[in-house]
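In what follows, a structure is listed as structure tokens, so that the remarks can point back to it.
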Amino acid sequence: MPLKKINPTKTNSWKELDNHFKQIKDVEMKTLFKGDKNRKETFSLNFDEFDIDFSKNRITEKTLKHLLDLANETELKDAIEKYFIGDKINETEGRAVLHTALRNQDGKSVFVDGKDVIPEVKETLKKIELFTNQVVNGEFKGYTGKKITDVVNIGIGGSDLGPRMVVESLHFYKNHLNTHFVSNIDGDHVTEILKNLDRETTLFVIVSKTFTTQETLTNAETIKKWFLETATENDIQYNFVAVSTNLEKVKGFGIAENNIFTMWDWVGGRYSLWSAVGLTISLAIGYPNFDAFLKGANQMDDHFRNTPFEKNVPVVLALISIWYNNFFGTESEVVIPYTQYLEKLAPFLQQLSMESNGKSVDRNGEKVTYQTGNIIWGNSGTNVQHAFMQLVHQGTKIIPVDFIGFEESLYGNTDHHQKLMANFYAQAEALYAGKTVEEVHLDMKFKGDTDKINQLLPFKVFEGNRPSNAILIKKLSPKNLGALIAMYEHKTFVQGVIWNIYSFDQFGVELGKELANKFLE
Ligand code: F6P
């Protein structure tokens with residue numbers, strides 16, 4: 001069954017939210033904290049090794065109640081069930097949306113067109129495991145019989161951003177294989193990558209769901225040409241594998257049948273890293289870690305599917321985001337992980353969220369009269385504090401922040417980690433509390449800058465009352481990263497359901513592709 005088509009602005013809760021917004025839009029979070037000693041506990045959630053503190057938001061219990069009513073009125077529960085059981089909720093493409101089936105650890109059947117997809121998922125995972133083990137332990141050899149030392153992932157969008165981000169994020173867990181990523185059609189980039197590679201010991205993983213993407217095919221052809229400078233067509237089977245739904249095209253490229261990893265049309269590109277699209281991840285960190293990564297996502301799936309909305313992490317995060325986007329009129333959200341490993345999280349989330357929810361026509365085919373997808377951006381803390389945080393603290397825009405921190409560092413450098421986490425807490429506090437005229441005045445006096453008070457005071461004031469969520473996770477592990485990504489996937493889903501848009505197509509990328517071909521001619 002398709003998703004229901006409910007205009008959120010026609011619900012009672014939307015009207016309630018509209019009225020409620022007028023009453024609390026200027027309320028200071030400081031006042032809310034003063035009036036409720038338990039505010040931090042009331043507005044906190046737990047999931048496994050995650051603690052989510054959302055108390056520093058411009059919300060009250062009433063806000064949350066109205067938002068939860070909105071989720072109920074737009075029939076979110078019904079939508080979640082349809083999502084998990086494989087209904088064709090990607091109606092414009094006539095497809096189910098089943099990335100959750102790729103990490104379905106209890107192996108319960110999930111049917112698409114009457115066929116249980118789980119056996120095929122398991123078979124592909126088995127193939128990934130076997131192949132990973134063979135490459136990692138040196139059994140799988142390049143065309144001259146040497147062990148593989150380097151892996152190059154050739155893909156773009158979902159066939160690149162996910163694997164690239166996860167490999168970088170889990171670098172601590174990496175084995176001896178060097179990994180490289182070629183995505184852009186920029187020939188200089190592919191040349192730079194090839195410059196340092198040895199044809200005999202490099203494995204090329206071509207990842208393209210459709211196997212028609214211009215960037216990926218051009219890069220793959222260029223690499224094949226380079227490979228054939230010393231090797232023969234028959235050698236391609238030793239150094240090239242592919243991940244795709246388009247088996248005929250892959251074979252046409254010259255890839256041996258045994259070297260093809262299948263995926264399915266019910267996996268969207270930006271949700272595909274859990275499938276064989278994640279082969280480079282498995283190669284880089286080993287299959288047991290890849291399996292733990294899937295398990296973490298699966299745990300988040302269970303939480304999302306079975307937890308009441310008021311305690312449901314992706315639901316609550318999505319509702320808060322809708323509150324700012326649709327009532328405060330914020331335009332963007334910034335995601336700041338306090339670990340260098342997650343530097344690529346923001347570009348990944350940009351595709352996940354913006355390609356999914358950047359839509360202006362609703363599920364009835366009508367132009368929406370309200371805001372949909374947010375602009376997502378970010379980078380790693382503390383680097384951002386010396387870059388864009390000025391605007392978040394003192395600019396004219398409200399920009400809700402997700403701070404992501406980890407209780408433990410991976411190498412156990414306590415001195416660094418304490419400083420890193422002090423900054424994590426300090427940023428949220430500074431955004432929330434700000435610095436008043438009186439405080440600046442006192443501070444300047446205390447520092448002996450009395451003569452500069454008249455001149456500098458207004459510039460040193462921080463309004464505060466700026467919202468953030470603090471997502472504190474025990475440790476950056478494969479399992480927790482899996483859960484974190486799944487959390488953002490489900491947040492994106494909830495927003496799309498409530499905004500009454502189709503989150504799983506991406507027609508907006510087509511026109512540029514068509515025109516590029518015309519310009520090429
Ligand atoms: O950017 C559009 C898009 O279709 C993405 O959704 C997808 O992840 C990417 O192109 C790559 O597509 P493919 O895996 O088919 O090469």
Side-chain angles (χ1 to χ4, degrees), residues 89-99 102 124 128 152-167 181-186 189-190 204-224 240-253 255 259-281 344-359 372-373 375-376 485 488-489 492-493 496 501-517:
I89 60 170
N90 177 2
E91 219 183 323
T92 46
E93 293 183 335
R95 292 174 184 166
V97 177
L98 275 178
H99 43 278
L102 301 168
T124 303
I128 295 173
V152 180
N153 191 92
I154 310 162
I156 197 163
S159 301
D160 165 73
L161 287 164
R164 187 194 289 257
M165 181 272 286
V166 176
V167 167
F181 291 85
V182 177
S183 54
N184 201 324
I185 203 161
D186 178 358
H189 184 231
V190 68
F204 296 98
V205 183
I206 309 173
V207 187
S208 178
K209 182 177 165 184
T210 55
F211 225 76
T212 57
T213 306
Q214 187 192 47
E215 291 90 335
T216 303
L217 293 191
T218 307
N219 282 326
E221 288 294 346
T222 300
I223 289 172
K224 182 162 93 174
F240 286 77
V241 299
V243 181
S244 187
T245 54
N246 195 338
L247 305 191
E248 288 318 305
K249 284 229 173 218
V250 177
K251 282 189 216 157
F253 183 87
I255 292 189
N259 288 354
I260 305 175
F261 293 79
T262 41
M263 57 185 294
W264 307 273
D265 72 355
W266 42 260
V267 182
R270 52 193 173 275
Y271 299 87
S272 64
L273 53 81
W274 321 98
S275 69
V277 169
L279 182 61
T280 303
I281 304 173
K344 296 276 174 355
L345 181 65
F348 169 78
L349 294 179
Q350 284 175 331
Q351 189 200 13
L352 173 65
S353 174
M354 293 159 81
E355 198 167 76
S356 297
N357 287 338
K359 314 285 165 66
T372 62
I375 299 160
I376 308 289
I485 298 170
Y488 279 112
E489 285 179 349
T492 304
F493 172 79
I501 54 176
Y502 287 117
S503 299
F504 298 100
D505 59 21
Q506 55 285 314
F507 296 113
V509 302
E510 296 306 327
L511 182 58
K513 288 187 196 171
E514 276 168 33
L515 291 181
N517 282 330

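If you're wondering where the values come from, they're calculated on a predicted model, not measured in any experiment. Start at 1 and go down the list; that is how both ligands and their atoms are numbered.
Protein heavy atom in closest approach to atom 12 (O) of ligand 1: Thr213 OG1, 3.5 Å. Looking only at heavy atoms of the protein, atom 10 (O) of ligand 1 is closest to Lys513 NZ, 4.5 Å.
Counted by atom type alone, Tyr502 and Glu91 present one or more donor-acceptor pairs between their side chains at under 3.5 Å. Checking Gln506 against Glu93 by side-chain atom types alone, a donor-acceptor pair falls below 3.5 Å.
By the 3.5 Å distance cut-off applied to N or O atoms, Lys209 is counted among the residues near ligand 1.
Interface of Gly158 with ligand 1, defined as ligand atoms under 4.0 Å from a residue heavy atom, comprises 7 (C), 8 (O). The Gly269 neighbourhood of ligand 1 comprises atoms 8 (O), with distances under 4.0 Å to a heavy atom of that residue.
With sequence neighbours excluded, the residues that form a salt bridge (charged side-chain N to carboxylate O under 4.0 Å, His left out) with Arg164 are Asp160.
Seen from the ring of Phe253, Lys224 counts as a face-on cation partner, given the 6.0 Å and 45° thresholds.
Around atom 5 (C) of ligand 1, the closest heavy atom drawn from Gln214, Glu215, Glu355 belongs to Glu355. When Ile156, Thr210, Thr212 are checked for heavy-atom proximity to atom 9 (C) of ligand 1, Ile156 turns out nearest.
Distances from ligand 1 to the non-hydrogen atoms of Gln351 include at least one value under 4.0 Å.
Distance check: Asn219 CG to Asp186 CG gives 9.0 Å after rounding to the nearest 0.5 Å.
Checked against the 6.0 Å centroid criterion, the rings of Tyr488 and Phe348 do not qualify as a close aromatic pair.
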